[in-house]
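Order of listing sets the numbers, starting from 1, for every ligand and every atom in it.
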Amino acid sequence: MEDMEKKQLSVVIPCFNEELVIEETNTRLRILLTGFIEKGLITDFEVLYVNDGSSDGTLEILTGFASKDKRIKVISLSSNFGHQAALTAGLYNSSGELVVSLDADLQDPPEVIEAMIEKYNSGYDIVYGVRSNRERDTFFKRFTAQFFYKLMGLMGVNIIYNHADFRLMSRAVVKEFKKYGEINRFLRGIFPSIGFKQGVVEYAREKRFAGTTKYPFKKMLMFAIEGITSFSNFPLRLSLVLGFINFIAAIMLVVWTLVTKIKGDAVPGWASTVLPLYLFGGIQLMFIGVLSEYVGKIYMEVKRRPIFIIKKTYNLRGRSKDGGRRMGPQPPLQDDQST
Ligand code: UDP
Ligand code: MG
């Protein structure tokens with residue numbers, strides 16, 4: 001027999017109010033993963049659903065899955081911590097040799113996981129799912145997303161173009177990932193910086209199977225600001241550069257004012273007084289804003305609050321329960337409902 005080593009696959013799925021899709025997602029995944037085992041691609045699997053404080057029937061449906069199949073595990077967070085935190089909670093508690101993160105809405109077709117595993121087998125530690133199309137997104141979403149990737153690139157942030165959070169990670173990568181303790185989470189920026197051998201698998205992104213996007217414009221904008229200020233000091237440097245240019249301009253203005261005065265044709269000018277005032281005032285305000293963004297981030301980080309808080313788990317006895325802060329041995333879970 002060829003290599004009989006154990007190869008367990010963990011699939012991590014954050015869910016926020018996804019009652020309309022998860023039945024379908026779960027069915028499709030189970031068929032797919034069972035097929036993987038039959039093909040000998042993996043030896044076992046677990047599906048880790050993270051309920052991110054849903055207010056609909058998501059948790060009930062998920063625990064229903066868990067009660068029928070031990071390989072389906074559920075982590076229920078104490079409130080809505082956001083997509084990135086929910087994903088983190090899932091990754092922290094995964095145990096597979098290979099870990100794949102996937103959205104609940106079937107926009108990333110789970111069938112692509114097969115190609116990801118093949119890439120893993122040929123020596124890759126991180127495999128990014130990259131969208132080859134965006135036709136199915138609204139024009140607005142497409143435009144803002146494209147703009148965001150360009151902007152990130154310009155500011156020197158290393159992210160994979162058109163890659164969301166559909167990726168395969170080896171156990172070694174997940175282990176390193178756990179060392180990233182920041183509360184300002186932008187996983188797409190973190191993974192490329194982990195290193196190891198990284199590759200890409202292209203796929204066509206589907207339409208959301210059902211339900212509505214959990215990323216309205218406001219959340220998307222916040223996410224973009226998060227991504228930029230978590231990984232780039234460019235806006236800070238920009239303030240320095242612009243400040244310097246302003247300083248030069250101000251000196252020239254002073255010289256010009258003095259010369260005009262000495263020549264004797266100084267008209268008590270309203271414009272020349274008020275315009276620079278507006279200009280410099282505006283620029284100063286803008287960069288106080290930039291600074292506050294970073295100061296706010298530092299504030300959030302120094303508080304060392306947990307990234308996520310787990311309320312209850314199902315089929316997950318004995319896994320890490322802490323909010324993604326400390327490393328080392330963890331106390332066993334007490335509140336697991338499984339028997
Ligand atoms: N999600 C989450 N917490 C949130 C928002 C979203 O766990 O606060 C999950 C959501 O259930 C989905 C994934 O993150 O599985 C991506 O969200 P969505 O599909 O709404 O984003 P889009 O594809 O529209 O960017
Ligand atoms: Mg989606």
Side-chain angles (χ1 to χ4, degrees), residues 11-26 28-29 47-62 65 72-94 99-110 112-113 128-131 133-149 152 159-167 183-188 203-224 226-227 307-311 323-324:
V11 181
V12 173
I13 306 180
C15 308
F16 176 53
N17 293 344
E18 299 285 12
E19 62 179 3
L20 295 175
V21 295
I22 44 173
E23 298 267 11
E24 173 74 16
T25 309
N26 194 55
R28 230 167 106 181
L29 261 178
V47 182
L48 266 156
Y49 289 101
V50 184
N51 170 42
D52 188 16
S54 300
S55 52
D56 64 357
T58 300
L59 181 63
E60 286 66 40
I61 303 175
L62 292 178
F65 299 158
I72 313 281
K73 291 154 189 186
V74 181
I75 299 171
S76 189
L77 302 185
S78 64
S79 78
N80 182 240
F81 283 82
H83 181 198
Q84 304 286 294
L87 245 171
T88 305
L91 293 175
Y92 264 69
N93 288 284
S94 67
V99 185
V100 169
S101 57
L102 189 72
D103 282 357
D105 59 7
L106 292 171
Q107 279 189 288
D108 316 316
V112 178
I113 297 174
Y128 301 101
V130 167
R131 282 186 235 184
N133 70 324
R134 271 198 178 260
E135 294 96 64
R136 289 178 197 266
D137 281 350
T138 61
F139 171 77
F140 181 71
K141 178 116 193 174
R142 207 158 66 214
F143 179 79
T144 47
Q146 225 76 285
F147 178 75
F148 169 67
Y149 284 112
M152 293 287 281
I159 55 168
I160 311 291
Y161 193 65
N162 265 348
H163 161 67
D165 280 300
F166 185 25
R167 71 177 82 79
I183 195 165
N184 297 293
R185 301 237 122 204
F186 186 71
L187 302 188
R188 284 167 225 186
Y203 69 97
R205 199 168 209 228
E206 306 284 331
K207 222 166 75 220
R208 199 176 223 291
F209 178 75
T212 52
T213 175
K214 308 299 179 291
Y215 270 102
F217 180 65
K218 198 176 138 226
K219 254 193 182 167
M220 247 163 60
L221 190 67
M222 288 306 154
F223 193 53
E226 188 78 37
I307 299 164
F308 53 84
I309 295 172
I310 295 176
K311 189 161 133 199

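Ligand 1 places these atoms under 4.0 Å from at least one heavy atom of Phe16: 1 (N), 2 (C), 3 (N), 4 (C), 5 (C), 7 (O), 8 (O), 11 (O). Within ligand 1, counting atoms from 1 as listed, the ones closer than 4.0 Å to a heavy atom of Lys219 are 4 (C), 5 (C), 8 (O). For ligand 1, the atoms closer than 4.0 angstrom to any heavy atom of Asp103 are 13 (C), 15 (O), 16 (C). For ligand 1, the atoms sitting less than 4.0 Å from at least one non-hydrogen atom of Pro14 are 7 (O), 9 (C), 10 (C), 11 (O), 12 (C), 15 (O), numbered in the order shown with element in parentheses.
Looking at atom 3 (N) of ligand 1, its nearest protein heavy atom turns out to be Asp52 OD2, 2.6 Å. The protein heavy atom nearest to atom 25 (O) of ligand 1 is Lys141 NZ, 2.9 Å. Remark: minimum distance from atom 24 (O) of ligand 1 to any protein heavy atom is reached at Thr213 OG1, 2.5 Å. Looking only at heavy atoms of the protein, atom 19 (O) of ligand 1 is closest to Asp105 OD2, 2.5 Å. Protein heavy atom closest to atom 20 (O) of ligand 1, with residue, atom name and distance, is Lys214 N, 2.4 Å. Among all non-hydrogen protein atoms, the one lying nearest atom 23 (O) of ligand 1 is Gln107 OE1, 2.6 Å. With hydrogens left out, the protein atom closest to atom 11 (O) of ligand 1 is Glu18 OE2, 2.6 Å, a heavy atom. When hydrogens are left out, the protein atom nearest atom 21 (O) of ligand 1 is Tyr215 CD1, 3.2 Å; that is the closest non-hydrogen contact.
Note on ring orientation: taking the six-membered ring where Trp is involved, the planes of Phe166 and Tyr203 are perpendicular (angle over 60°, cut-offs 30° and 60°).
Contact of the Val100 side chain with the Val12 side chain is not registered, since no non-hydrogen atoms from C-beta on lie closer than 4.5 Å. Proximity of Asp165 to Leu87: side-chain heavy atoms (C-beta onward) are separated by under 4.5 Å at one or more points. Considering only heavy atoms from C-beta on, Ile159 comes within 4.5 Å of Phe186 through its side chain. Residues Leu62 and Ile22 form a side-chain contact, since some pair of their non-hydrogen atoms from C-beta on lies under 4.5 Å apart. With contacts defined as side-chain heavy-atom distances shorter than 4.5 Å, the pair Leu102/Leu29 qualifies. Contact of the Leu59 side chain with the Ser54 side chain is not registered, since no non-hydrogen atoms from C-beta on lie closer than 4.5 Å.
Between the side chain of His163 and the backbone N or O of Gly129, at least one donor-acceptor pair lies under 3.5 Å.
Residue Asp105: an N/O/S atom is found under 2.8 Å from the Mg ion (ligand 2).
Ligand 1 has an N or O atom lying under 3.5 Å from an N or O atom of Ala104, backbone or side chain.
Contacts between Asn80 and ligand 1, counted as non-hydrogen atom pairs separated by less than 4.0 Å, involve the side chain only.
In this structure, the separation between CG on Asn51 and OG1 on Thr58 is 6.0 Å, given to the nearest 0.5 Å.
Of all non-hydrogen atoms in Ala89 and Val50, the two that sit nearest each other are CB-CG1, 4.3 Å.
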